[in-house]
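Proteins come first, then strands; the chains are lettered A, B, ... in the order of their sequence lines, and each starts at number 1.
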There are 2 protein chains.
Amino acid sequence: METLLSVIRQLQAISEPLENALRQTLRRHELPRRHWLLQPGQVSERIFFIEKGVARGYYLKEDREVTSWFMKESDFIISIVSFYSRQPAQEYIELLEDSVLWSITYDQLQRFYDAFPEFNKVGRLLTERYYLLSERRAQNLRMQSARERYTQLLADFPDSCRRLPLKYIASHLGLSPETVSRLRANIV
Amino acid sequence: METLLSVIRQLQAISEPLENALRQTLRRHELPRRHWLLQPGQVSERIFFIEKGVARGYYLKEDREVTSWFMKESDFIISIVSFYSRQPAQEYIELLEDSVLWSITYDQLQRFYDAFPEFNKVGRLLTERYYLLSERRAQNLRMQSARERYTQLLADFPDSCRRLPLKYIASHLGLSPETVSRLRANIV
DNA sequence: GTGAAAAATTGACAAATATCAAGTTCGGTT
DNA sequence: AACCGAACTTGATATTTGTCAATTTTTCAC
């Protein structure tokens with residue numbers, strides 16, 4: 001909880017009434033590895049904050065899993081499309097480790113936006129931040145070699161990258177598992 | 001102007017006062033090919049709507065141009081990072097054809113959000129839409145072969161793709177110009 | 001229009017990466 | 001602790017894509 005509040009405070013000062021409302025509304029989750037926060041067909045109801053753990057978003061393409069992103073401690077987890085559009089998701093969101101999360105529902109979030117106008121700034125800044133991350137991932141795919149992409153991911157996930165299953169890393173980097181294995185062997 | 005208003009109306013009904021305010025505020029631009037809407041170091045002041053024309057966003061990496069996106073008629077042009085963060089841009093935005101654009105400044109947009117609360121929905125939906133497009137581009141880079149990526153771009157730009165300079169297409173797809181030239185020759 | 005410069009094409013070859021197949025290691029369950 | 005299946009590694013080979021160079025085509029300024 002305190003971690004989440006401090007992340008929000010870095011974006012926008014939190015008034016006391018807002019802080020109280022947040023403390024009353026946020027729900028804490030302890031969930032095991034392999035738990036799905038979202039599966040295709042479900043409408044994403046909650047946005048999650050990761051206090052502890054790692055998650056990935058992925059979808060199936062021709063029977064293969066393709067990992068769109070990883071998120072780690074102090075990141076937010078959201079299916080942008082489903083959560084905002086209120087439509088059924090096409091993707092999976094899966095916990096890769098036993099995790100502690102905090103969440104708020106879509107309806108609760110809208111009420112926060114109405115009741116605490118300054119909170120809109122938080123929402124907008126976070127959307128922009130994740131939009132930027134998405135753009136950066138795309139640019140990396142465009143311009144960097146396999147080795148550079150792998151090194152970049154190591155930099156983004158210094159502690160947890162080694163724990164991420166290799167085949168998920170591979171599909172995220174747009175590479176075969178064999179190639180990632182060889183990169184890993186050459187870097188050590 | 002009417003094209004822009006109809007695009008907005010598809011997202012959210014426009015009240016008469018809002019429509020009047022938009023008509024008074026929006027500025028029309030007729031700009032030549034090769035005009036830069038934004039260059040590194042500048043803070044992006046305006047968001048543009050393309051009534052006629054095509055634009056691209058690109059940046060330099062080790063002396064090479066890398067095209068992040070193309071936008072065409074009925075799209076919006078914005079440097080997400082610079083416009084929202086009010087920080088100097090690192091990218092270029094360039095018109096690829098003689099164009100007709102409509103624009104509004106950052107400050108004007110904020111005043112619209114304040115004065116016409118329903119307009120926030122338009123802003124949020126557009127941000128989400130472009131976020132989605134960005135994600136889709138990234139996924140295409142991850143999962144599709146060179147040929148599939150090229151075919152996808154042809155589908156996204158059915159009329160204008162043939163007019164886009166090949167070397168820009170190549171850097172956007174993460175390919176060499178020679179490869180795109182060969183793909184083009186094989187598809188016809 | 002004409003010529004110079006830029007862009008696109010084509011071919012030959014090199015490098016990067018994928019695929020397939022065979023082992024090995026690892027993790028989780030009993 | 002031992003087993004089973006999944007995950008990972010490694011090697012051999014095939015395919016894709018990049019690089020370099022030469023040529024043709026297009027573009028644009030004069």
Side-chain angles (χ1 to χ4, degrees), chain A residues 31-35 53-54 56 58 60-67 70 92 94-98 140-154 157 160-188, chain B residues 31-36 53-54 56 58 60-67 70 92 94-99 140-154 157 160-188:
Chain A
L31 293 167
R33 197 154 86 98
R34 303 233 175 120
H35 179 85
V54 178
R56 70 166 179 139
Y58 71 97
L60 298 179
K61 161 125 183 191
E62 291 156 15
D63 299 338
R64 289 203 196 183
E65 296 182 359
V66 180
T67 298
F70 299 105
Y92 297 83
E94 178 193 19
L95 296 178
L96 299 179
E97 304 181 350
D98 297 343
N140 289 348
L141 286 169
R142 244 176 237 122
M143 315 219 6
Q144 300 188 168
S145 68
R147 157 154 290 123
E148 287 172 322
R149 275 178 271 159
Y150 182 66
T151 307
Q152 178 74 52
L153 190 68
L154 280 176
F157 288 80
S160 51
C161 194
R162 289 283 173 167
R163 301 174 310 196
L164 296 176
L166 177 144
K167 64 176 184 173
Y168 302 159
I169 293 176
S171 76
H172 182 245
L173 297 177
L175 298 169
S176 71
E178 292 91 337
T179 298
V180 175
S181 175
R182 287 184 243 264
L183 289 173
R184 178 180 279 182
N186 286 341
I187 291 175
V188 178
Chain B
L31 293 167
R33 196 154 84 99
R34 304 236 171 122
H35 180 84
W36 276 309
V54 178
R56 70 167 179 139
Y58 71 97
L60 298 179
K61 162 129 180 185
E62 291 156 14
D63 298 339
R64 289 205 195 183
E65 295 182 0
V66 180
T67 298
F70 298 105
Y92 297 83
E94 177 193 21
L95 296 177
L96 299 179
E97 303 180 349
D98 297 344
S99 301
N140 289 348
L141 286 170
R142 243 175 238 125
M143 318 217 6
Q144 300 189 171
S145 68
R147 158 154 289 123
E148 287 172 322
R149 276 178 269 159
Y150 182 66
T151 306
Q152 178 72 52
L153 190 68
L154 280 176
F157 289 80
S160 50
C161 192
R162 289 286 175 165
R163 300 175 311 196
L164 297 177
L166 177 144
K167 63 175 184 172
Y168 301 160
I169 292 176
S171 75
H172 181 246
L173 297 176
L175 298 169
S176 71
E178 291 91 337
T179 299
V180 175
S181 175
R182 292 182 175 110
L183 289 173
R184 177 181 279 182
N186 287 342
I187 291 174
V188 176

How close do Glu65(A) and Leu60(A) get, heavy atom to heavy atom, and via which atoms? CG-CD2, 3.6 Å

Suppose we screen for salt bridge (charged side-chain N to carboxylate O under 4.0 Å, His left out). Which residues come up paired with Glu148(A), at least two apart in sequence or across chains? none

What is the ring orientation for Phe70(B) with His172(B), classed by angle as parallel under 30°, tilted 30 to 60°, or perpendicular over 60°? perpendicular

Heavy atoms of chain A, cut-off under 4.0 Å: which first and last nucleotide of DNA chain C, 5' to 3', fall inside that, if you could look? dT17(C) to dG28(C)

Please report the distance, rounded to the nearest Å, between CG in Leu166(B) and P in dG18(D). 12 Å

Over how many whole Å does the gap from Ile169(A) atom CD1 to dA7(D) atom C1' extend? 12 Å

Integer-rounded Å distance: dA7(D) P and Arg33(A) CZ: 10 Å

Taking only Lys NZ, Arg NE, NH1 and NH2, and the carboxylate oxygens of Asp or Glu, determine whether Arg56(B) and Glu94(B) approach each other closer than 4.0 Å. yes

Between dT10(D) (C1') and Leu183(A) (CG): distance, integer Å: 14 Å

Please check if atom CZ in Arg163(B) has more than 12 non-hydrogen atoms from other residues, nucleotides or ligands closer than 6.0 Å. yes

Which residues in residues 171-180 of chain B have a heavy atom closer than 4.0 Å to any atom of DNA chain C? Glu178(B)

Do you know the tightest heavy-atom contact between Ser171(A) and Thr67(A)? OG-N, 2.9 Å

Taken to the nearest whole Å, CZ/Arg163(A) to P/dA7(D) is 18 Å

Rounded distance in Å - OH (Tyr168(A)) to P (dA7(D)): 6 Å

Is Arg147(B) close to Thr151(B) at the side-chain level, that is, under 4.5 Å between some pair of heavy atoms? yes

Residue pair Ser176(A) / Thr179(A), side-chain heavy-atom distance below 4.5 Å: yes

